[in-house]
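Beneath this line is the structure, given in structure tokens, with notes to follow.
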Amino acid sequence: MQIRTRLTIQFGLLVSGILVVSFLAIFYFTYLNTVEDFYDRLRSKAVSSAELLNQPQIDPQLLKVFDRSNRNLIYNESILIFDERNRLIYTNTDSLSIHVSNYWLNEIRRSAQIRYKDGEYYVVGIYNKYAFGNTVVVLGAQDLYGQANLDNLRTMLAVIFLSVTAIVAFAGLVFSQRALLPISRVMNEVEGILPQNLSTRLDVPNQQDEIGRLTTTFNKLLDRIEYAFRIQKTFIANVSHELKNPLTKISSQLEVSLLKERSKEEYQSTISSVLEDIQELSQLSNSLMELAQVSENQREMLTDRVRLDEILWDTRTNLSQANKSYKILYSIEELPEDDAWLEIIGNATLLRTAFINLMENACKFSDDHSVLVQLVATEKSIRIDFSDSGKGIVAEDQSLIFQPFYRGMNTANVKGSGIGLSLVERIIKLHNGTITIHPNLPTGTRFVLDFIHF
């Protein structure tokens with residue numbers, strides 16, 4: 001069911017429900033007022049008839065003529081007057097339309113006044129005490145006028161209900177269509193956006209209403225999609241470029257070796273060069289797998305409570321043993337009061353990968369192949385600084401250095417694929433940390449990692 005149809009039905013049901021409750025209340029209170037008014041008229045007529053009958057100068061036959069000539073909109077009126085012995089002493093009709101038993105007469109004397117309904121007749125009974133004797137007056141009649149008014153009211157309310165319901169349904173359909181028209185326009189515009197024109201944005205006529213905010217949300221989503229497509233294209237182009245270089249070198253060296261007979265030493269040199277290129281391809285493949293793993297598995301990989309100082313020390317030891325020329329200085333500025341201040345919830349393997357990349361980059365780009373690692377732990381956070389004495393990162397490159405395959409302008413003479421820092425950033429963010437770059441003027445770069453305790 002469409003939203004427009006559902007809104008129309010809901011709006012129609014709401015208005016119809018309000019109308020039903022209101023009309024029922026109107027009819028009910030009108031009915032009570034009509035009945036009460038008719039009983040009051042019957043009571044007044046009964047009292048006046050009894051008073052006239054108890055006048056010595058009024059003859060019963062004369063009273064009967066008077067009653068027939070003055071009905072006062074009381075139809076099929078029947079007046080019965082009884083004495084103390086329950087004898088009928090007066091009636092204004094020859095055919096009794098109401099039935100009065102001794103029980104009801106006694107009840108009237110006991111209660112002084114009662115009223116009830118006998119079929120279609122409304123009946124009142126009054127006990128009158130006069131000097132000439134006590135009488136019980138029973139007056140019954142049909143309220144044809146009141147019933148006709150109630151029937152007319154019922155018909156009028158039914159017609160009004162059906163008319164208003166039809167008008168409300170039509171108006172609800174029209175207004176819901178008008179209210180949802182901007183959404184239909186947005187849907188049509190969104191359907192026209194293809195991968196070839198992701199730069200297209202939706203018009204936002206009014207940013208204050210819900211449709212405007214929805215359109216703004218769509219535009220922000222399109223910004224993210226366009227950015228993701230751009231990153232994907234750049235990633236594919238960079239991967240192709242990084243793969244093409246070693247493959248081209250391998251192919252060229254092998255083709256040159258096949259042109260003529262070579263000496264043993266030349267073949268060995270070619271094989272060594274090809275192996276070096278293959279290792280470069282293997283390292284690139286491993287880096288890409290690590291990058292994809294960090295992107296996909298997310299926080300389900302953070303299962304252990306690890307100590308950052310121990311991981312830093314193990315990383316330093318392993319990297320120093322793998323490359324004797326690297327000088328890694330490690331210090332803790334101030335020992336924490338509690339060893340738990342050095343712990344976070346994380347993945348030791350991923351953190352070790354991030355620390356290796358930062359230490360290795362610092363050593364590669366420093367003239368003396370050295371890096372200073374400093375750790376400061378407090379009750380609320382842990383900060384780790386990686387400082388080198390290299391050429392530094394120019395301001396233009398600092399905002400792009402964490403993009404996959406991006407390499408700075410002054411790194412052309414150093415081997416690398418440009419994946420390391422991108423992998424480091426993802427690992428640190430995965431651990432609810434931040435990484436920032438602080439230039440160490442006049443030379444060098446300082447990477448600062450901050451982890452917050454939770």
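Just so you know, these numbers come straight off a predicted model, no measurement behind them.
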Legend entry - side chain to side chain contact (heavy atoms under 4.5 Å, CB included) between Thr34 and Asn149, worked out: CA-CA 9 Å; Thr34 300; Asn149 287 338; 5.8 Å; no
Inset, instruction - Please assess Leu19 against Phe23 for the test side chain to side chain contact (heavy atoms under 4.5 Å, CB included), listing each intermediate value before the final yes or no. - result: CA-CA 6 Å; Leu19 286 176; Phe23 287 176; 4.0 Å; yes
Inset, instruction - List the steps and the verdict of side chain to side chain contact (heavy atoms under 4.5 Å, CB included) for Arg109 and Leu105. - result: CA-CA 6 Å; Arg109 292 188 181 94; Leu105 294 175; 3.8 Å; yes
Inset, instruction - Begin from the C-alpha positions of Arg383 and Val448 and carry the test side chain to side chain contact (heavy atoms under 4.5 Å, CB included) through to its verdict. - result: CA-CA 7 Å; Arg383 168 167 289 192; Val448 179; 3.5 Å; yes
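Checked against side-chain contact (heavy atoms from CB on, under 4.5 Å), Thr217 has no partners two or more places apart in sequence or in another chain. Remark: Glu120 pairs with Gln142 by the side-chain hydrogen bond (donor to acceptor under 3.5 Å, both in side chains) rule, at least two apart or across chains. Evaluation of the salt bridge (Lys or Arg N to Asp or Glu O under 4.0 Å) rule for Arg110 yields Glu107 as partners, not counting sequence neighbours. The ring-ring contact (aromatic ring centres under 6.0 Å, His included) check on Phe175 picks up nothing, with sequence neighbours excluded.
Asp385 places none of its side-chain heavy atoms less than 4.5 Å from the side chain of Leu372. Looking only at side-chain heavy atoms (C-beta outward), Leu308 and Leu351 come within less than 4.5 Å of each other. A heavy-atom distance below 4.5 Å is found between the side chains of Glu77 and Leu139. Looking at Phe447 and Thr436, their side chains never come closer than 4.5 Å, going by heavy atoms from C-beta outward. Two residues are said to be in side-chain contact when any heavy atoms from C-beta on lie closer than 4.5 Å; Arg41 and Asp143 meet this criterion. With a 4.5 Å cut-off on side-chain heavy atoms, Ile356 and Asn318 do not count as touching.
Heavy atoms only, all atoms of each residue included: Ile126 and Ala46 are closest at CD1-CB, 3.8 Å. Looking at every heavy atom in both residues, Leu144 comes nearest to Asn76 through CD1-ND2, 4.4 Å.
Using modelled atom types, no side-chain atom of Ser273 and backbone atom of Ser269 make a donor-acceptor pair closer than 3.5 Å. Side-chain atoms of Asn152 come within 3.5 Å of backbone atoms of Ala148 as a donor-acceptor pair (strictly under, hydrogens ignored). Using modelled atom types, one side-chain atom of Ser257 and one backbone atom of Gln253 make a donor-acceptor pair closer than 3.5 Å. Panel note: side chain His431, backbone Asn347; a donor-acceptor pair is recorded below 3.5 Å. A donor-acceptor distance shorter than 3.5 angstrom exists from the side chain of Asp388 to the backbone of Thr445, with no hydrogens or angles considered. Ser251 places no side-chain N or O within 3.5 Å of a backbone atom of Leu247 that could act as its donor or acceptor partner.
Annotation: Tyr31, atom OH; neighbour count of heavy atoms from other residues, nucleotides and ligands within 6.0 Å does not exceed 12. Counting heavy atoms of neighbouring residues, nucleotides and ligands inside a 6.0 Å radius, atom CZ of Phe170 does not exceed 12 of them.
With rounding to the nearest 0.5 angstrom, the CZ atom of Arg352 is 6.0 Å from the OG1 atom of Thr349. The OH atom of Tyr39 sits 7.5 Å away from atom NZ of Lys117, with the distance rounded to the nearest 0.5 Å. Taken to the nearest 0.5 Å, the CZ atom of Arg446 stands 12.0 Å off from the CD1 atom of Ile437. The line from CG of Asp37 to OG1 of Thr30 is 12.0 Å long, rounded to the nearest 0.5 Å.
Applying the ring pair (Phe, Tyr, Trp, His ring centres under 6.0 Å) rule to pairs touching residues 306-338 yields Trp313-Tyr330, sequence neighbours excluded. Every pair tested for salt bridge (Lys or Arg N to Asp or Glu O under 4.0 Å) that includes a residue from residues 7-27 fails, sequence neighbours excluded, so the list is empty.
Checking each of Leu312, Thr315, Leu319 against Ile328 for a side chain to side chain contact (heavy atoms under 4.5 Å, CB included) leaves exactly one that passes, namely Leu319. Checking Ile384, Leu421, Val373, Thr353 one by one against Leu358, the side chain to side chain contact (heavy atoms under 4.5 Å, CB included) holds for a single residue, Leu421.
Using a 4.0 Å cut-off between a side-chain N of Lys or Arg and a carboxylate O of Asp or Glu, Lys364 and Glu360 do not qualify as a salt bridge. Ionic pairing of Arg43 and Asp40 is present here: one or more N-O contacts between side-chain nitrogen and carboxylate oxygen are shorter than 4.0 angstrom.
The aromatic rings of Phe386 and Phe355 are tilted relative to each other, their planes meeting at an angle between 30° and 60°.
Side-chain contact of Ser389 with Asp368: a donor-acceptor pair under 3.5 Å is present, judged by distance alone.
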